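What you see is a predicted model, and the numbers here were worked out from it, not measured in a lab. Numbering of ligands and ligand atoms starts at 1, following listing order. In what follows, residues are counted from 1 in the order of the sequence shown.
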Amino acid sequence: MEEKNTTHILYGNIVYAVSPEKLVFSEGAYLVCENGKCRGVYDSREDALRTLSAQPEKVPVTDFGDRLIVPGLVDLHLHAPQYAYRGLGMDLELVEWLNTVTFPEEAKYGEITYAAQAYDDFVTDMKQTATTRMCVFGTVHPEATLLLARKLSEAGFGAYVGKVNMDRNAPDSLCEESATASFTATMDYLRKFAFLHSQGRISERVQPIITPRFIPSCTPELMEDLGELATQQNLKVQSHLSESKKEIEWVSELEPDAAFYGDCYAKAGMMGNPVTSVMAHCVWSSPEEIRMIKEGGVFVAHCPQSNTNLASGIAPIRCYLKEGLHLGLGTDIAGGFSRSIFRAMADAIQVSKLYYRLVDQDQKPLTLSEAFYMGTLGGGAFFGKVGTFLDGYDLDAVVLDDSGLDSVFDMDLAKRLERIVYMPESAALCAKYVQGERIL
Ligand code: GUN
Ligand code: FE
């Protein structure tokens, strides 16, 4: 295998978040990477080189000139098999959209040639985005989902990739036969995943994740088995929670003994301690559910575009920030049609303004800094030390050329970042690194 150089220095205009409130801007600076880890940002080349144990003449410095270097973006929630029909069916709400558009399409991934073509298209297009890490849903099919994991690995992404579990309320073409059949298919997926890891055919940056679709799709029996598995094998969990009102009503009919929606996950041991989970949406979480999310250290994947498209509602993200919840952003392809996490930042800010104006004037709109934080360090924390350029973090970075946005208007680095967030299509992606390895 070709040896990858992960000790090097990048020069450019460097921007990163260190907290929701604080962005750091370093114009014309040197970002040091040693064995894939950040070793700080320096104003002078000499200071940058001094931090490394390697001989200075052996350390390559890549000069990105006036371009921006920002942490790779993190998509904390999306569905790869929905990519092929993004932007369609958007006149429907969640439950109708799942039944009429999503489930019939996902059933096709039992056919491996269809899955191969679709996942090629997905990965090829995702390479051209600023996203470096993702938590992604496949389908119920182990083989197709393994193929997705391999393709993401080949492209250099960091990812959690889940084989979906569904043993009720789905068409026969998609529904797994029983809780046992669903659980067995997940075990098969995990075994084959481990084998591909051992062969070096999937990199360690790509990992499996337990993926019960949502409570209406999974019986309590299946949930219990999956929760035990996650606990025993130290696996993370991804799912959906309190996305739409109709869905929540459906859950209360299906599981009348649960105190609230999140309680169904808690009963299966999927709301923290020791399992780490990410729940998409949390648009309509009750105070008890929010407390459970907080106490369990559960990550919330905020998907503002999807919540708008499916008319689900507006998640109270200002409240969640005040509560100190772990927050990241998701495109939720294909509830969302855009694959851009910059776009998700802009959407998050926009919907927070509507929430402030129309719902609760005590909940101030999100700032650019808060949105940028969620799309980098906030979501990155799910992957470990990921999402910023502080010492010891994985060096995931993207290099952006925003010269297409040049105008007579005089712009500092903060303004340039702001424009990229709102108009990402006007900034060209020049390079992409994950753990110090150049992947584009
Ligand atoms: N809830 C259960 N499945 C899905 C899905 O595929 N997309 C969204 N947005 N919500 C879901
Ligand atoms: Fe989703």
Open item on the list: Classify the ring geometry of His326 against Phe299: parallel below 30°, tilted from 30° to 60°, perpendicular beyond 60°.
Closed with: parallel
- [ ] Using a strict cut-off of 4.0 Å, indicate which atoms of ligand 1 neighbour a heavy atom of Leu94.
- [x] 8 (C), 10 (N), 11 (C)
TODO: Below 4.0 angstrom from a heavy atom of Phe214, which ligand 1 atoms are there? Numbered from 1 as shown, please.
DONE: 1 (N), 2 (C)
Task: Cation over ring face, Lys385 and Tyr393, 6.0 Å, 45° - done: yes
Task: N, O or S from His281 under 2.8 Å to the Fe ion (ligand 2) - done: no
Open item on the list: Any donor-acceptor pair under 3.5 Å linking the side-chain atoms of Ser285 with those of Tyr261?
Closed with: no
Open item on the list: Quick check on Phe137 - does any of its heavy atoms sit under 4.0 Å from an atom of ligand 1?
Closed with: no
- [ ] Give the atoms of ligand 1, by number and element, whose distance to some non-hydrogen atom of His281 is under 4.0 Å.
- [x] 9 (N)
Open item on the list: Please determine whether His240 has a backbone or side-chain N, O or S atom lying under 2.8 Å from the Fe ion (ligand 2).
Closed with: yes
Task: Electrostatic pair Glu437:Lys432 at N-O distance under 4.0 angstrom - done: no
Task: Six-ring centre of Phe122, Lys151 cation under 6.0 angstrom, axis tolerance 45° - done: no
Task: Whether Glu243 has an N, O or S atom under 2.8 Å from the Fe ion (ligand 2) - done: no
Task: atom 3 (N) of ligand 1: nearest protein contact (heavy atom, Å) - done: Arg213 NE, 2.8 Å
Open item on the list: Taking the ring centre of each residue, are Tyr160 and Phe383 less than 6.0 Å apart?
Closed with: yes
Open item on the list: At under 4.0 Å between heavy atoms, is it the side chain or the backbone of Phe103 that contacts ligand 1, or both, or neither?
Closed with: neither
Open item on the list: Suppose we call two aromatic rings close when their centres sit under 6.0 Å apart. Are Phe342 and Tyr422 close by that rule?
Closed with: no
Open item on the list: Tell me whether the NZ or CZ atom of Arg67 lies within the 45° cone about the ring axis of Phe64 and under 6.0 Å from its centre.
Closed with: no
- [ ] Have a look at ligand 1 and work out which part of Glu247, if any, has a heavy atom under 4.0 Å from it: side chain, backbone, both or neither.
- [x] neither
Task: Protein residue, atom and distance nearest to atom 9 (N) of ligand 1, heavy-atom basis - done: Asp332 OD2, 2.7 Å
- [ ] Could you grab the angle centred on the Fe ion (ligand 2), going from NE2 in His79 to NE2 in His77, to 10°?
- [x] 100°
Task: Protein residue, atom and distance nearest to atom 10 (N) of ligand 1, heavy-atom basis - done: Glu243 OE1, 2.7 Å
